[in-house]
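Report on one structure; see the data block that follows.
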Protein chains: 2
Amino acid sequence: MRAGETAASEDPKERILSAAGEVFAERGFEAATVRDICLAAGVNVAAVNYYFGDKQKLYNETVRQAHQRLVAQVPLSPWPEGTPARAKLRDFIGNVLERMLGFGRPRWQTRLMLREVLQPTDACRDLVEDYILPQFQLLISILGDLADGHLEEPQLRQVAMSIIGQMFIYRAAGDVVGMLLPADEMQSLHTPVPLADHITHYALAALGLASPLTSSEPRA
Amino acid sequence: MRAGETAASEDPKERILSAAGEVFAERGFEAATVRDICLAAGVNVAAVNYYFGDKQKLYNETVRQAHQRLVAQVPLSPWPEGTPARAKLRDFIGNVLERMLGFGRPRWQTRLMLREVLQPTDACRDLVEDYILPQFQLLISILGDLADGHLEEPQLRQVAMSIIGQMFIYRAAGDVVGMLLPADEMQSLHTPVPLADHITHYALAALGLASPLTSSEPRA
DNA sequence: AACTGATTGAAACGCGCGTTTGAAATGGGC
DNA sequence: GCCCATTTCAAACGCGCGTTTCAATCAGTT
């Protein structure tokens, strides 16, 4: 009866992982129930223990898989040689924002990662080493190119953290951000593309590589 | 027998609220148990229901009280007239960071607020209106003074959100930040005072009101 | 068709949770 | 000293959770 299903996968293990991703991301480990996950996956409650052992192991596996898929679908250095550093910066920021806030890809993957960042469990160390740290180092290297020897590593890291913070708040505290801003502005200025422009310009101006935000001259 | 207790309050209602604050902040609403809270408060399990009705009402009351205490102890405009805007900016950033990251005051108060920001419940709307929005508007007005008419309100709000994001990440994702930075640097450069200097300078430089981060000239 | 190991299913188990109970303890007013 | 409202306490209740059970079903082999 493989014509009966609409969009569900054949393999029950896959279906459970996918449903678990959504439920864990939405409600967190504690509040998510095995029964809800199994209902969403269309399998019996016993299936979780049959395939994964227990709820904790299912969670670990869900995080591991979500994290590996994220790593796989994010190329680390997509630029042809000779690309100007400021173009790389703009691209980097745009990509991260698109991944964090955009509507491509299932939302629950990054939401699950966010939960780990906000309140790390055992699964977090791998996530940082495989996914976050490489991106952080890429940003540092771009900033190093931009500063051209005028900034020490510690200062580069400070600037990098500033840039990440500016993106992070929209993902982590989006609801409250929405309460602080006019609704129309939220949709026009605080979405991936204009935000990427702003954060990039803000950084370049602070580094003396673009005109200050207060002037209307073209960028240096 | 008021000499008998060491640091515990007399009033059981107070003791429950205080214990609940710590436990809710540490583990979240779902994972926190009424039994743990009562054990920490040194009262019987029935006391929660006797004084507050149920767990949910206790949580609401805990958030409400933590939020009101925060509001009460944060003066909104502590500057004498004529204080330069850039000094106000440095003060504002320093104060927020000190409140978020510093070791004065019980940690659980801001941690509870953070939980509300990350995943708002009913208690969040009041928190935003009474506590966060006024601070946000104060920051906007400081930035307005600094920009001196060269920036429109929407741009001011973008810059304000950038500044808040730079502080917020340290509070919300401190664990992961610690994994990305050398341990000694975390303690020397990413603590309230040096961070406030950095974020202030970053903003002023971006606004063209201080020398770029890449130069070693004194600030303009 | 019969056997066999892997998978599914409905029902139940034990446990810890929030909550309730009803009696015991407490303490101020007469 | 007694009364009565308030507060405390140990014990229990009902429920939903993660987990287990074991019989039913399925799929591949002979």
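Computed from a predicted structure; not experimentally measured. In what follows, chains are A, B, ... by sequence order, proteins preceding strands, each numbered from 1. The analysis underlying the following values was restricted to heavy atoms, covering all of them including side chains, and did not include hydrogens, waters or symmetry mates.
- A donor-acceptor contact shorter than 3.5 Å links the side chain of A/K55 to the backbone of A/A32.
- Between the P atom of C/dT19 and the CG atom of B/D54 lies a distance of 5 Å, rounded to the nearest Å.
- Electrostatic pairing of B/E61 and B/K57 does not count as a salt bridge here, judged by no charged N lying under 4.0 Å from a carboxylate O.
- The two residues B/L101 and B/R107 come nearest to each other via the heavy atoms O-NH1, 3.6 Å.
- Helical stems involving DNA chain C, defined as 3 or more consecutive Watson-Crick or G-U pairs under 3.5 Å, span C:1-27 with D:4-30.
- Regarding A/Y51, its OH atom lies at a distance of 12 Å from the P atom of C/dA6, rounded to whole Å.
- Candidate nucleotides D/dT8, D/dG18, C/dA10 were compared by shortest atom distance to the side chain of A/N44, and C/dA10 ranks first.
- The side chain of B/A46 approaches D/dA10 more closely than any other nucleotide in the set D/dT20, D/dA10, D/dG18.
- When the P atom of C/dT7 is taken as reference, atom CZ of A/F52 falls 13 Å away, rounded to whole Å.
- Although no hydrogens or angles enter the test, the distance criterion places a donor-acceptor pair under 3.5 Å between the side chain of A/Q158 and the main chain of B/L189.
- Atom CG in B/D11 sits roughly 9 Å away from atom P in D/dT8 (whole-Å rounding).
- Ion pairing between a basic and an acidic side chain is recognised when a charged N comes within 4.0 Å of a carboxylate O; B/R27 and B/D36 show such pairing.
- Comparing A/V45 and B/A32 against DNA chain C, the residue whose closest nucleotide sits nearer the 5' end is A/V45.
- Going from atom CG of B/L39 over to atom C1' of C/dG18 covers 16 Å, rounded to whole Å.
- Distances from the side chain of B/Y50 to the nucleotides D/dT7, C/dT19, C/dT8 place D/dT7 closest.
- Below the 3.5 angstrom threshold, one finds no donor paired with an acceptor across the side chain of A/R35 and the base of D/dG16.
- The interatomic distance linking A/R15 (CZ) with C/dT7 (P) rounds to 14 Å, in whole Å.
- A side-chain donor-acceptor contact under 3.5 Å links A/R115 to the backbone of A/A25.
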Start with the C-alpha gap between A/E14 and A/Q65, add the side-chain angles, then the distance that decides, and say whether side-chain contact (heavy atoms from CB on, under 4.5 Å) holds. CA-CA 10 Å; A/E14 288 288 330; A/Q65 164 150 322; 4.2 Å; yes
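- Remark: C1' of D/dT8 and CD1 of B/I16 are 11 Å apart, rounded to the nearest angstrom.
- Spacing between atom NZ of A/K55 and atom P of D/dC17 amounts to 9 Å, rounded to whole angstrom units.
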